[in-house]
Amino acid sequence: MIVMGIESSCDETGVGIVRWHEDGTCELLADEVASSVDQHARYGGVVPEVASRAHLEAIVPTMRRALAQAGIAKPDALAVTIGPGLAGALLVGAAAAKAYAAAWNVPFYALNHLGGHVAVDTLEHGPMPPCVALLVSGGHTHLLHVRDLAQPIEELGTTVDDAAGEAFDKVARLLGLGFPGGPALDAAARDGDPKAIAFPRGMTGPRDARHDFSFSGLKTAVARYVESRERAGEPVPIPDVAASFQEAVADVLTMKAVRAATDVGVDTLVLGGGATANSRIRSLAQERCDAAGLTLRIPKPRLCTDNGVMIAALGAHVIAGGARPSPLTVATDPGLSVTVSQSRVDGD
C-alpha cells in the first residue's frame with residue numbers, strides 16, 4: 001500500500017509518500033517540502049496571508065516532484081492535515097488533497113497534524129510501542145500518551161501560555177538574531193555559559209500541574225535582563241543569554257517529559273516538532289532518559305519539522321488499523337484537539 005500525505009498547516013508545503021509493509025514498517029519513497037520561511041523573516045514571524053499564498057503557489061510543483069521522486073503516477077490512498085494550524089493554510093492543503101483524491105479515485109483520510117509528528121518517527125525507528133511523546137514547535141507544546149498510532153491520543157499536558165518554539169522566536173528577535181529563532185539561538189548558545197544567568201523554570205513548583213508548561217514568565221525574565229543591561233549602558237552578553245535561556249527551556253521540557261513517561265508507566269519517550277531539533281533539548285533528553293532507564297526516540301531534524309511524510313506515515317497506520325475513509329465534505333479545523341480521533345472518518 002502506497003500512501004501520500006499533504007501537510008500545509010503553517011509555512012511548509014509538504015508532500016510525502018510512503019509504502020506500508022505487512023510487518024508494520026513504513027518505507028520512505030518521497031519527501032518534498034517547499035518552505036516560505038524566507039518570506040516571513042522580514043516580519044519576524046509567520047504571516048497567515050503570506051503563508052496561504054505561498055501554499056497556493058507551491059502545492060502543484062511540490063506534488064509533481066514527490067510523484068517523480070517516488071516513481072509513481074498516483075498513490076493507493078491520500079491523507080492530509082485538517083488541523084490544528086492556520087485557517088487559510090489548512091484550506092489550501094485540504095482543497096488540493098480532496099481534488100487529487102477525487103481525480104485519482106483513491107480513498108481520502110483527514111488527519112490530525114499532531115499525530116503526524118509522532119508517527120513520523122516510525123520511518124527511522126520502526127514500529128512504535130506505547131510511549132509518551134513530547135511535541136515542541138512554534139505553535140505547540142504537548143505531552144501525549146500514545147498507546148497506538150491508529151487510536152486517539154491522550155493529552156497529558158500542554159502549555160498554559162506561550163509554546164516553547166514561540167518563546168525561542170521572541171527571545172531571538174529580542175536579541176537581534178532574526179527569524180526563525182530556534183536555529184539562531186542554538187548557534188549563539190554554543191559560545192555561551194548555560195549557568196551564567198539564573199532564568200526561572202516555569203510551573204515546576206510542588207503545587208503546579210505535573211505535566212503542563214509555561215514559558216511566558218521566562219520570556220519576560222529574558223526581556224527584563226536585557227533591558228536592565230541596556231539601561232545600565234552595559235553590553236548584552238548574547239551567547240550567555242542564549243545559552244541560559246535555552247537551558248531553562250530544555251530543563252523544564254525534558255524533566256516533565258521523563259516524569260510523564262514514569263507516571264503513565266511506559267519505557268519509551270518520543271520527541272517531535274521543529275523545536276526538538278535543538279541540540280540542548282536532544283542532549284539533555286538523552287541524559288535524563290538514560291538515567292531513568294527510558295528509551296529515547298528522536299527523528300532526524302528534517303523529519304522533526306513540518307513535512308508531508310509525517311502525514312503519510314500517520315495515514316498508513318490508521319488505514320492499517322481499519323479506519324474508514326473520510327468524506328470529501330470534511331471541514332478543516334484550526335483548533336483541532338489532539339484528543340480527537342486521528343482520522344476524521346465521519347466528518348464529525
Side-chain angles (χ1 to χ4, degrees), residues 114 117-118 120-121 131-146 153-172 180-186 188-190 192 194-195 197-206 208-222 241-264 266 268-292 294-299 301 303-305 338:
L114 300 178
H117 274 305
V118 185
V120 74
D121 180 78
C131 67
V132 162
L134 171 65
L135 300 189
V136 190
S137 69
H140 306 284
T141 303
H142 300 272
L143 278 172
L144 310 174
H145 185 194
V146 183
I153 290 173
E154 177 189 1
E155 183 178 77
L156 301 173
T158 187
T159 179
V160 300
D161 43 54
D162 292 345
E166 180 184 2
F168 268 98
D169 287 338
K170 290 180 178 178
V171 169
L185 272 169
D186 200 358
R190 292 175 194 147
K195 298 180 180 179
I197 308 163
F199 288 135
R201 271 62 167 165
M203 295 195 73
T204 55
D208 291 321
R210 290 179 62 79
H211 305 137
D212 284 340
F213 303 96
S214 172
F215 297 104
S216 179
L218 171 60
K219 180 188 66 180
T220 301
V222 175
V241 174
S244 299
F245 165 78
Q246 179 175 269
E247 187 69 19
V249 174
D251 187 17
V252 175
L253 288 174
T254 58
M255 181 273 288
K256 292 210 169 193
V258 170
R259 172 194 285 174
T262 302
D263 286 350
V264 301
V266 300
T268 301
L269 175 65
V270 177
L271 268 57
T276 58
N278 177 270
S279 63
R280 185 51 180 155
I281 293 174
R282 285 174 170 249
S283 64
L284 189 54
Q286 189 65 66
E287 291 174 23
R288 287 182 163 165
C289 282
D290 289 344
L294 301 174
T295 298
L296 178 65
R297 294 172 49 145
I298 317 176
L303 294 181
C304 286
T305 54
V338 70

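Quick note: residue numbers are just sequence positions, from 1.
Listed here is the closest heavy atom pair of Ala163 and Ser137: CB-O, 3.7 Å. Across all non-hydrogen atoms, the minimal contact from Gly202 to Val252 is O-CG1, 4.0 Å. The minimum heavy-atom distance linking Thr254 with Ala250 is given by the pair OG1-O, 2.7 Å. Here the closest heavy-atom approach between residue Phe245 and residue Phe199 is recorded as N-CD1, 3.6 Å. When all heavy atoms of Pro200 and Ala248 are compared, the closest pair comes out as O-CB, 4.0 Å. Scanning all heavy atoms of the two residues, the minimum distance from Val136 to Ala164 falls at CG1-CB, 3.5 Å.
Interatomic distance, Leu271 CG to Thr276 OG1, rounded to the nearest 0.5 Å: 5.5 Å. Rounded to the nearest 0.5 Å, atoms NE2 (His211) and CE (Met203) are 11.5 Å apart. Here the CD atom belonging to Gln286 is positioned 14.0 Å from the CD1 atom belonging to Ile281, to the nearest 0.5 angstrom. The CG atom of Leu296 sits 11.5 Å away from the CD atom of Glu287 when rounded to the nearest 0.5 Å. Separating the CG atom in Asp121 from the SG atom in Cys304 is a distance of 8.5 Å, to the nearest 0.5 Å. From Ser214, atom OG reaches atom CG of Asp208 across 8.5 Å, with rounding to the nearest 0.5 Å.
Contacts of Glu155 classified as side chain to side chain contact (heavy atoms under 4.5 Å, CB included), with partners at least two apart in sequence or in another chain: His142, Leu144, Thr158, Val338, Thr339.
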Audit row: Arg297, Leu269, side chain to side chain contact (heavy atoms under 4.5 Å, CB included) steps and yes/no = CA-CA 6 Å; Arg297 294 172 49 145; Leu269 175 65; over 6 Å; no
Just do the side chain to side chain contact (heavy atoms under 4.5 Å, CB included) check on Val270 and Leu134 with the steps written out, would you?
-> CA-CA 6 Å; Val270 177; Leu134 171 65; over 6 Å; no
Candidate pair Thr268 and Leu294, rule side chain to side chain contact (heavy atoms under 4.5 Å, CB included), full reasoning | CA-CA 5 Å; Thr268 301; Leu294 301 174; over 6 Å; no
May I have the step-by-step check of side chain to side chain contact (heavy atoms under 4.5 Å, CB included) for Thr141 and Phe215, ending in yes or no?
-> CA-CA 10 Å; Thr141 303; Phe215 297 104; 4.2 Å; yes
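Residues Val146 and Val132 form no side-chain contact, since every pair of their non-hydrogen atoms from C-beta on lies 4.5 Å or further apart. No side-chain heavy atom of Leu114 sits under 4.5 Å from any side-chain heavy atom of Ile153. Within the 4.5 Å cutoff, the side chain of Phe213 has heavy atoms near those of the Leu143 side chain.
Note on Asp186 versus Arg280: no salt bridge recorded, every NZ/NE/NH1/NH2 to OD/OE distance being 4.0 Å or above. Residues Asp251 and Lys256 are not paired through a salt bridge, judged by the lack of any N-O separation under 4.0 Å between the basic side chain and the carboxylate. Ionic pairing of Glu247 and Arg201 is not present here: no N-O contact between side-chain nitrogen and carboxylate oxygen is shorter than 4.0 angstrom.
Between the side chain of Asp169 and the main chain of Glu166, no donor-acceptor pair closer than 3.5 Å is present. No donor-acceptor pair under 3.5 Å is formed between the side chain of Asn278 and the backbone N or O of Gly182. Judged by distance alone, with hydrogens and angles left aside, the side-chain atoms of Asp212 form no donor-acceptor pair with the main-chain N or O of Gly157 at under 3.5 Å. Under a 3.5 Å cut-off, the side chain of Ser244 and the backbone N or O of Ile197 do form a donor-acceptor pair.
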